[in-house]
Amino acid sequence: MHPAHAPEAEEFRGRVRAFLAANLPPGWSGIGSITDRHEADEFVSAWRTVLFEHGLLAVAWPKKYGGAGLSKLEQVVLVEELAKAGVPAMGYNDTFGIKMLGNTLLRWGTEAQRQWFLPRILSGDDLWCQGYSEPGAGSDLAALRTSATLDGDRWVIDGQKLWTSRAREANWIFLLARTDPHAPLHRGISFLLVPLDQPGVEVRPIRALSGESEFNEVFFTGATTAAGNIVGDVNQGWTVAMTLLGHERGEEAATNPILFRAEFDRLLVMSRCAGARTDPVVRDRLADAYIRMETMRYLGMRILTGVLHGDGHLGPEASISKLYWSEYHQRLTDLALDVLGADALVTDGRLPLRAFRTDDPGAPNTSGSWLGAWYNATAGTIYAGSSEVQRNILGETVLGLPKEPSSTS
Ligand SMILES: Cc1cc2nc3c(=O)[nH]c(=O)nc-3n(C[C@H](O)[C@H](O)[C@H](O)COP(=O)(O)OP(=O)(O)OC[C@H]3O[C@@H](n4cnc5c(N)ncnc54)[C@H](O)[C@@H]3O)c2cc1C
């Protein structure tokens with residue numbers, strides 16, 4: 001089933017296709033076909049500028065903040081077409097700036113915050129990262145200990161964040177800080193916007209198993225931010241934080257499956273070339289992956305329909321989507337490494353550009369691309385809340401099971 005959307009959205013699809021035909025290099029076959037890492041990074045950056053100049057970043061944001069004032073459905077159509085063409089829908093730090101913070105400011109930010117920060121996110125003047133996790137506060141996020149104290153017209157921040165992706169490229173961080181040490185844990189937290197380029201902030205890279213250093217530790221020692229850089233009320237940051245997590249987990253539910261399909265098709269080709277498609281066990285695992293991928297596609301459509309016909313916000317379905325694709329991806333990439341066999345022991349070719357989701361569309365069937373996708377898949381059931389945490393959320397909020405005992409509420 002390949003459903004068409006409403007006529008206005010399909011008309012918009014035609015415009016996006018015309019834009020792609022006019023702006024992609026001749027013979028373009030996907031970002032994965034650029035085999036040199038440096039060149040690929042440069043393409044992403046230049047492509048982001050093209051999207052920005054054509055008003056195609058954050059198209060569902062209101063025009064007054066730099067968006068295009070289009071519907072969520074048109075936004076999905078745009079991302080669908082970009083995914084099919086194998087080009088990114090945004091730059092690397094935009095996951096934090098546009099998808100997470102920008103969408104959250106639209107709901108909880110003051111008018112002044114929206115007018116100042118949203119256009120700067122789109123122009124690329126501000127690059128954001130996410131300061132949630134800490135040593136001792138990951139799944140149990142409400143246990144966080146980084147503190148913020150109001151001193152006249154500024155907040156003073158002390159503490160440490162951990163696993164902060166792309167903090168070295170960012171110049172701002174949104175973070176959760178404890179602003180009332182005496183309140184119950186969830187009720188003493190505030191959501192702050194903090195500039196990184198200041199003496200009280202130190203960013204240290206962490207080297208991952210893949211050899212890359214996508215994430216970092218960030219230390220705050222008397223760092224400051226203006227008193228007005230708080231989103232939501234003082235000590236009410238938990239609600240803001242949960243809205244943001246909904247965007248982090250579920251925003252791409254409808255468009256993710258396009259990229260997963262491209263990756264699956266590539267595995268089929270590799271299995272055929274390796275002669276593995278005649279192996280009954282491989283055939284069985286491929287069929288299983290195909291069924292799961294198709295289920296993910298229908299799940300995505302269902303979630304999109306719910307968002308379009310509901311209040312426009314994601315609830316527990318964000319957890320369903322996140323749980324589903326991340327566990328699917330581990331199965332699929334395990335299978336890819338089994339098909340590669342001993343070749344998987346040597347990294348040949350570049351790793352995927354993003355540390356999240358699938359490999360780059362159009363990538364050649366190299367061990368580097370599959371190993372990188374496998375590393376990403378391993379992390380996929382941890383970041384944005386582990387699978388166990390998603391199951392707890394679904395158990396409690398959807399199935400109505402008793403809450404698990406906790407010392408934090
Ligand atoms: C690639 C990557 C990028 C990341 N980027 C960022 C970022 O930019 N910003 C940021 O703030 N954080 C980031 N994180 C951190 C991420 O959010 C945390 O790793 C995650 O929330 C899990 O926390 P933890 O690592 O402390 O593990 P823990 O919370 O210590 O969990 C350890 C294990 O115990 C299980 N567990 C914990 N509690 C329960 C429970 N109640 N019931 C059942 N099982 C439980 C977990 O599922 C897990 O298997 C990133 C992580 C990764 C892997």
Side-chain angles (χ1 to χ4, degrees), residues 92-101 104 127-146 157 159-170 172-177 185-186 189 191-194 196 203-220 237-238 240-242 244-249 318-319 322-323 325-327 329-330 333 351-358 372-397 401-409:
Y92 299 132
N93 281 70
D94 292 327
T95 304
F96 306 104
I98 296 177
K99 187 174 100 170
M100 298 186 203
L101 180 66
T104 303
L127 298 179
W128 288 84
C129 62
Q130 177 185 27
Y132 275 28
S133 308
E134 298 182 4
S139 302
D140 190 6
L141 185 58
L144 62 92
R145 292 194 306 193
T146 292
I157 302 140
Q160 181 195 345
K161 295 294 172 180
L162 186 59
W163 314 125
T164 320
S165 302
R166 301 198 71 81
R168 273 169 301 143
E169 292 79 8
W172 280 81
I173 184 169
F174 53 86
L175 60 78
L176 299 176
L185 291 187
H186 292 90
I189 292 171
F191 189 110
L192 299 177
L193 310 174
V194 181
L196 282 172
V203 180
R204 293 186 202 158
I206 299 172
R207 197 172 146 90
L209 186 64
S210 62
E212 306 218 319
S213 295
E214 173 106 2
F215 42 43
N216 307 270
E217 298 175 281
V218 185
F219 295 86
F220 300 90
W238 190 254
V240 182
M242 292 304 111
L244 185 135
L245 278 180
H247 290 294
E248 181 176 4
R249 291 170 181 157
S319 293
K322 204 268 159 172
L323 182 62
W325 70 252
S326 60
E327 302 212 332
H329 203 210
Q330 289 189 349
T333 52
L351 302 182
L353 294 179
R354 300 198 313 162
F356 307 106
R357 311 288 202 280
T358 64
W374 185 85
Y375 289 135
N376 291 351
T378 306
T381 55
I382 303 172
Y383 64 76
S386 68
S387 284
E388 290 79 7
V389 165
Q390 306 311 323
R391 288 195 168 87
N392 279 349
I393 292 170
L394 295 172
E396 290 169 16
T397 60
L401 299 176
K403 273 181 100 59
E404 67 166 342
S406 163
S407 58
T408 61
S409 38

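Order of appearance sets the numbers: ligands from 1, and atoms from 1 within every ligand. Numbering starts at 1 and runs along the sequence shown. Note that the coordinates shown come from a computational prediction; the quantities given were computed from them, not determined experimentally.
- Protein heavy atoms are found less than 4.0 angstrom from atom 41 (N) of ligand 1.
- Annotation for ligand 1: atoms under 4.0 Å from non-hydrogen atoms of N392 are 40 (C), 41 (N), 42 (N).
- Using modelled atom types, one side-chain atom of K161 and one backbone atom of L176 make a donor-acceptor pair closer than 3.5 Å.
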Please report the C-alpha distance between S139 and E388 in whole Å, then the side-chain angles of each, then the deciding distance to 0.1 Å, and finally whether the side chain to side chain donor-acceptor pair (under 3.5 Å) criterion is met. CA-CA 9 Å; S139 302; E388 290 79 7; over 6 Å; no

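- Checking atom 20 (C) of ligand 1 against the protein gives a heavy-atom contact under 4.0 Å.
- Atom 36 (N) of ligand 1 has as its closest protein heavy atom S139 OG, 4.2 Å.
- The protein heavy-atom contact nearest to atom 51 (C) of ligand 1 is Y383 CB, 3.5 Å.
- Among all protein heavy atoms, the one lying closest to atom 45 (C) of ligand 1 is E388 CB, 4.1 Å.
- Below 3.5 Å of separation, one finds an N or O of S133 facing an N or O of ligand 1.
- Distance check on atom 32 (C) of ligand 1: every protein heavy atom falls at or beyond the 4.0 Å cut-off.
- Of the protein's non-hydrogen atoms, Q130 O, 2.8 Å is the one closest to atom 9 (N) of ligand 1.
- Partners of K322 according to the salt bridge (Lys or Arg N to Asp or Glu O under 4.0 Å) rule, which considers only residues two or more places apart in sequence or in another chain, do not exist here.
- The protein non-hydrogen atom at the shortest distance from atom 46 (C) of ligand 1 is S386 OG, 3.5 Å.
- The protein heavy atom nearest to atom 13 (C) of ligand 1 is W163 O, 3.1 Å.
- Taking each of S165, G380, G138 in turn, the one with a heavy atom nearest to atom 24 (P) of ligand 1 proves to be G138.
- The shortest distance between side-chain heavy atoms of D94 and K99 does not fall below 4.5 Å.
- Within the 3.5 Å criterion, the main-chain N or O of G385 finds a donor-acceptor partner in the side chain of Q390.
- When the options F174, Y132, F215, W128 are ranked by their closest heavy atom to atom 1 (C) of ligand 1, first place goes to F215.
- Distance alone, capped at 3.5 Å, is enough to place a donor-acceptor pair between the E134 side chain and the R145 backbone.
- No donor-acceptor distance shorter than 3.5 angstrom exists from the side chain of Q160 to the backbone of F219, with no hydrogens or angles considered.
- Within the 4.5 Å cutoff, the side chain of L127 has no heavy atoms near those of the F96 side chain.
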If you look only at distance, which donor and acceptor atoms sit under 3.5 Å apart when one is on a side chain in residues 162-169 and the other is two or more places apart or in another chain?
{"from": "R166", "atom 1": "NE", "to": "N93", "atom 2": "OD1", "distance (Å)": "2.9"}
{"from": "R168", "atom 1": "NE", "to": "N216", "atom 2": "OD1", "distance (Å)": "2.8"}
{"from": "R168", "atom 1": "NH2", "to": "S213", "atom 2": "O", "distance (Å)": "2.2"}

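- Close to ligand 1: I382, with a non-hydrogen atom less than 4.0 angstrom away.
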